[in-house]
Every structure is written in C-alpha cells, then in structure tokens.
Amino acid sequence: MKKRLILISLQLLFLGTISVSRNSLFAYTFQELKNAMFSNNPEILKLEQEYVQSNLDYKDAVAGFFPTIDLQVSGTYMVNPPVDALYLNVDEILNSISWPSGIKPQTGNQYVKVFDGMENTLYQFQLSITQPIFTWGKITNATKLYKQISQIKQTQIYSKQEELQIELESRLTALFYIEKILQILEEEKEYTERLVQVCEDAQKSGMLLEQDVLEAKIKAKQLDIAQQDLTEQINQQLLELERSTGLENLTLEKLDYTFDEEKYLQILDEERTEMQKKAISQDKLSIKMLTQLKEVNQTAEKIAKASVNWKPDLALQVSAGYGGSRFPLVEPNWLRKDDYSANISIGIKTTIWDGGKKVRDVSRKISETTTAEIQKLDACATIKKTLSEQFNAADVCTMKIEYQELKIQTALSKISQAQTIYDTGYGSETDVLNAKIECCNEQIEKEKQCLNRASACIKINYLCNGQIAN
C-alpha cells in the first residue's frame with residue numbers, strides 16, 4: 001500500500017512538472033498576436049461589415065440595368081354581388097320583330113335568362129415589366145460610384161490593419177525596453193539597499209551624519225516609485241494589447257518578442273530623398289485612399305450633371321392583366337369575354353424647373369472634387385513634415401545614446417577606481433555603491449533613448465513602407 005501511494009505521488013509530480021513546463025514555454029509570437037488582432041479587433045470588424053454593406057449597395061446599383069418585374073394578385077369574395085341575373089320578356093322580343101300576317105307566335109308572358117349574374121368570386125392579376133432605356137449615364141455612373149465606395153472601404157480595412165500593426169509593434173517594443181529598465185532597477189535597488197545599510201552602520205559608529213542616511217533612503221524610495229510607475233505602464237500596455245487582440249490574461253512571460261534594433265537602424269542609413277518619395281507615392285494606402293475619394297467625387301459630379309433640367313429619362317413598361325370571376329384559362333369562354341389586357345408604354349420623366357437646385361448641386365460636386373484634391377496635397381505635405389521630424393528625432397536619439405555610452409564608460413571607470421581604493425583600505429564602500437548606482441542611472445537613460453529611437457524608426461518605416469519590416 002505504501003509503495004502504491006509513493007508511485008501515485010511520483011506520477012502526480014511528473015504530470016505537474018509537465019504542466020508547469022508547458023505553461024512556461026507557451027508564449028505568443030508577434031505573428032500570432034497580429035492574427036488575433038485582425039480577427040478580434042472591434043475597429044477592423046466594424047470596417048469589414050461596412051465593406052460587406054458597400055458590396056451589397058454595388059449589387060443594388062448593378063440591378064438598375066435590369067428590368068423591374070412586379071406582380072399584383074388580388075382575390076375577392078362577395079357575399080352579395082352587385083350585378084344580379086338579367087331576364088328578358090319574350091313578348092317584348094317578339095313584338096320588336098315585324099312578323100308577316102298570321103305568323104306571329106304566342107308566348108304567354110314568358111321570360112328568358114340572358115345573364116346568370118356575377119359570381120361571388122372576383123380575381124385580378126397584373127404583371128408589369130419596367131426597363132430603363134436611356135438615363136444619360138446615371139445608372140452606369142451610379143454603379144461605378146458604388147464600386148469606388150466599396151474599394152475605399154477595402155482600402156480602409158488595409159489601412160487600419162497597417163495602423164494596428166504599427167501600434168502592436170510600438171507597444172511590444174515599449175514593453176521590451178521597459179522590462180530591460182526594470183532589470184537595471186532591480187540591480188540598482190540592491191545597491192541602494194546596501195547603501196542604506198552601510199550608512200546606518202556608519203551613523204551608529206559616528207562616521208556619517210543622519211543627513212547622509214536620509215539621502216540614501218531617498219534614493220531607495222525613488223527607486224520604489226520608479227518601479228511602481230514602470231509596473232503600471234506595463235499593466236496599461238498589456239491591457240491595451242488584450243483589448244486590441246481579444247486575448248485574455250496577458251503577461252510579459254506570454255509575449256515572445258525581441259526588438260531587432262539592427263534591422264530598423266538600417267532605415268536611417270537609406271537615402272532620405274528616396275524615402276520621402278516612397279512616403280508620398282500612390283502605392284501608399286493613405287494617398288491611395290485620398291485618390292479614390294477624389295474619383296468618387298468626380299463620379300458624383302457626372303451624376304449631378306446628368307440630372308440637370310431638360311435631360312429626360314426614358315423607360316419602357318410592358319404590362320399584362322386579367323380580371324374575372326375565376327382564374328385565367330379556367331373561366332368558361334374567357335377568351336370571348338375579353339377580360340384580359342396587354343399594354344406597352346414609353347415613359348419620359350424630366351425636371352423642367354426646380355429653382356436652380358440641380359445646377360447648384362453640380363457646382364457643389366465640383367467644389368467637393370476640388371476639396372479632395374486639396375486634402376491630398378495637404379496630406380502629402382503633412383507626411384513630409386512628419387517624416388522629417390521622425391528622422392531628426394532618431395538622429396538626436398542616436399547622438400544621446402552615444403553620449404550615454406561615454407558616460408557609462410566613465411561610470412565603469414569610477415567603479416573600478418573606487419573599488420581599487422576601497423580594496424586598499426583607503427576608500428569607503430559607500431563610494432563604490434554610489435558609483436554603481438550612477439552607472440545604473442546612465443544605463444537606464446540609455447535604454448530610454450533607445451526606446452525613443454526605436455519608436456521613431458517604427459514610424460519612419462510605417463510612413464515609407466506602410467508595413468512592418470520583415
């Protein structure tokens with residue numbers, strides 16, 4: 001029995017180890033996060049539904065080329081039909097005829113039924129077909145307009161996907177550098193805790209003043225505040241990732257991402273004039289969308305011009321109908337009764353005068369087309385300005401990083417010097433700890449500048465390439 005319990009305990013321990021190892025190894029890659037974002041992000045889902053609706057509008061516009069077929073059927077049951085049976089007096093009929101003498105027949109006031117009266121049922125059938133013949137291109141341009149709108153909706157989806165990719169890359173990069181800063185803070189915290197302890201011991205022996213101890217405690221408290229701020233930033237970034245991707249309970253351990261700094265630094269070495277041309281090329285989705293918007297306004301302008309006064313629309317209408325007491329072809333002698341009808345009509349509709357509304361509508365569409373062109377030019381100028389700002393920001397960050405590297409080398413030299421003096425018995429441990437704390441601060445500042453430069457490079461890549469570098 002005891003051996004069996006030991007065996008079961010070992011099996012449970014083994015299974016628990018496997019479970020822990022699986023959880024520790026599982027992490028979302030960038031591609032997996034991006035796929036989850038494209039599948040679950042509310043903004044993309046909303047744009048996709050708008051694209052579906054725009055396709056339906058386009059199909060409705062295409063249907064305008066084809067005839068409209070309408071069928072009307074009605075059936076009525078009359079308890080008391082309005083027309084009763086009709087009878088004729090035979091004598092009256094005979095008297096109306098000029099008979100030869102002695103030949104006139106005798107009837108004896110008899111009556112003959114000539115109409116049985118209306119039946120209790122009445123049916124009406126009406127089938128009409130309406131086909132537009134000539135509309136001055138309104139149907140053609142309307143179809144083109146809705147097709148262009150559908151293309152804009154599709155471009156909006158791609159543009160939003162690019163935007164969210166950049167947002168995802170930026171958040172993951174921020175988490176990458178914040179985690180590095182936290183690691184440095186952990187190391188610095190060890191130095192400050194040791195510094196507080198050394199200062200308190202020195203104060204007890206009369207080697208330091210209380211002010212020195214308080215200053216050491218202030219440094220330690222500043223680190224606690226910095227750690228708390230960074231932890232809050234991490235939580236906020238993770239919550240935003242959860243909202244954007246639809247994933248739950250994200251932690252740093254569940255993110256498999258490392259920022260490839262060298263890959264992005266290559267962007268800064270490229271020819272900037274060529275980068276600027278790429279940023280405002282027609283292939284860029286932002287520029288392409290504005291071009292499509294201009295084309296939509298131009299098409300709307302054509303429709304407005306085709307709708308001005310004295311431009312009639314022509315349509316053909318063919319209708320066939322039947323009305324009788326029974327269904328068609330079932331009623332006796334239906335052909336002789338002539339209860340059916342067939343009509344062919346040509347309709348013309350135009351506006352003669354509307355106070356100039358349609359003419360002003362043409363001018364309005366022309367103005368909107370001009371506005372779209374102005375928006376495109378303004379967007380190009382804004383992109384150029386933003387690109388220049390990001391290049392300058394990246395260059396400044398590079399200089400600051402080089403500056404920090406020099407300060408780190410100096411701090412390392414101070415640590416070595418203070419350690420040597422301390423080892424010889426002439427220095428104090430506080431000097432060594434202060435030098436190490438200073439070195440940690442310089443490293444943190446460098447990581448901050450690396451994060452700023454990474455953000456600038458990501459924006460440059462988005463403006464020029466419109467996608468994340470592979």
Side-chain angles (χ1 to χ4, degrees), residues 34 37-38 41-44 46-47 50-51 54 148-174 240 244 259 263-301 364-400 449-470:
K34 185 179 73 172
M37 181 176 61
F38 287 174
N41 187 271
E43 296 177 74
I44 292 182
K46 180 181 177 181
L47 289 174
E50 291 180 359
Y51 175 63
S54 67
Q148 290 170 337
I149 293 175
S150 178
Q151 291 172 346
I152 288 179
K153 295 298 182 181
Q154 189 176 44
T155 305
Q156 285 179 334
I157 294 175
Y158 295 149
S159 179
K160 177 56 68 173
Q161 287 177 343
E162 284 187 355
E163 180 183 333
L164 291 175
Q165 285 187 61
I166 299 305
E167 180 183 333
L168 177 62
E169 177 81 352
S170 299
R171 294 191 186 282
L172 292 176
T173 302
E240 286 296 328
S244 182
F259 181 71
K263 184 192 303 183
Y264 276 96
L265 288 180
Q266 294 175 1
I267 297 176
L268 302 179
D269 298 330
E270 296 184 19
E271 177 60 38
R272 299 190 177 182
T273 303
E274 294 298 323
M275 297 283 284
Q276 187 181 82
K277 291 180 181 179
K278 290 173 63 177
I280 60 175
S281 67
Q282 295 297 323
D283 296 332
K284 283 288 295 157
L285 290 178
S286 56
I287 303 299
K288 181 180 179 180
M289 194 183 306
L290 291 172
T291 302
Q292 291 174 331
L293 180 60
K294 178 184 175 182
E295 293 172 352
V296 166
N297 289 324
Q298 289 174 339
T299 305
E301 179 183 332
R364 191 177 294 110
K365 298 303 180 183
I366 294 174
S367 176
E368 291 175 358
T369 303
T370 305
T371 302
E373 179 64 26
I374 294 172
Q375 289 176 340
K376 182 178 177 181
L377 295 175
D378 182 60
C380 291
T382 302
I383 290 174
K384 289 180 181 180
K385 177 177 176 294
T386 305
L387 186 62
S388 176
E389 291 174 350
Q390 296 303 320
F391 269 122
N392 291 334
D395 292 339
V396 171
C397 288
T398 300
M399 290 187 288
K400 289 183 178 180
Q449 296 303 324
C450 287
L451 173 57
N452 293 335
R453 184 175 64 178
S455 299
C457 290
I458 291 173
K459 292 176 183 178
I460 291 170
N461 184 65
Y462 167 66
L463 290 172
C464 297
N465 301 322
Q467 58 184 4
I468 294 176
N470 297 318

Exercise. Mind running side-chain contact (heavy atoms from CB on, under 4.5 Å) on Leu268 and Cys457 for me, showing each step along the way?
Key: CA-CA 8 Å; Leu268 302 179; Cys457 290; 4.0 Å; yes

Practice problem: Please answer whether the main-chain N or O of Ser388 pairs with a side-chain N or O of Asn392 as donor and acceptor at a distance below 3.5 Å. | Solution: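 Checked: pair present.
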
Value rounded to 0.5 Å, distance of [atom1] in [X] from [atom2] in [Y]:
{"X": "Leu172", "Y": "Lys34", "atom1": "CG", "atom2": "NZ", "value": "12.5 Å"}
{"X": "Ile44", "Y": "Leu164", "atom1": "CD1", "atom2": "CG", "value": "4.5 Å"}
{"X": "Gln298", "Y": "Thr369", "atom1": "CD", "atom2": "OG1", "value": "5.5 Å"}
{"X": "Leu285", "Y": "Glu162", "atom1": "CG", "atom2": "CD", "value": "4.5 Å"}
{"X": "Ser281", "Y": "Glu274", "atom1": "OG", "atom2": "CD", "value": "11.5 Å"}
{"X": "Ile383", "Y": "Ile280", "atom1": "CD1", "atom2": "CD1", "value": "7.5 Å"}

Does [X] have any side chain to side chain contact (heavy atoms under 4.5 Å, CB included) partners at least two apart in sequence or in another chain, and if so, which?
{"X": "Thr371", "answer": "Ser367, Gln375"}
{"X": "Thr291", "answer": "Gln282, Ile287, Glu295, Lys376"}
{"X": "Glu50", "answer": "Lys46, Leu47, Lys153, Gln156"}
{"X": "Ser170", "answer": "Ile166, Ile458"}

List the residues meeting salt bridge (Lys or Arg N to Asp or Glu O under 4.0 Å) with [X], not counting sequence neighbours, and say none if there are none.
{"X": "Lys459", "result": "none"}
{"X": "Glu271", "result": "none"}
{"X": "Glu240", "result": "Arg171, Arg243"}
{"X": "Lys365", "result": "Glu368"}

Nearest atoms (heavy-atom pairs only) where [X] meets [Y]:
{"X": "Ala393", "Y": "Ala456", "answer": "CB-CB, 4.5 Å"}
{"X": "Met275", "Y": "Ile460", "answer": "CE-CG2, 4.0 Å"}
{"X": "Leu387", "Y": "Gln276", "answer": "CD2-CA, 3.7 Å"}

A side-chain contact here means heavy atoms from C-beta on lying under 4.5 Å apart; do [X] and [Y] qualify?
{"X": "Tyr462", "Y": "Glu169", "answer": "no"}
{"X": "Leu290", "Y": "Lys294", "answer": "no"}
{"X": "Gln148", "Y": "Gln292", "answer": "no"}

Could you work out, with side-chain hydrogen bond (donor to acceptor under 3.5 Å, both in side chains) as the rule, every residue matching [X], not counting sequence neighbours?
{"X": "Ser244", "answer": "Asn41"}
{"X": "Ser159", "answer": "none"}
{"X": "Lys278", "answer": "Asn465"}
{"X": "Thr398", "answer": "Arg453"}

Quiz item: Cationic tip of Lys284 within the cone over Tyr158's six-membered ring, i.e. under 6.0 Å and within 45° of the normal?
Solution: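 Because its charged atom misses either the 6.0 Å distance or the 45° angle limit, Lys284 does not stack over Tyr158.
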
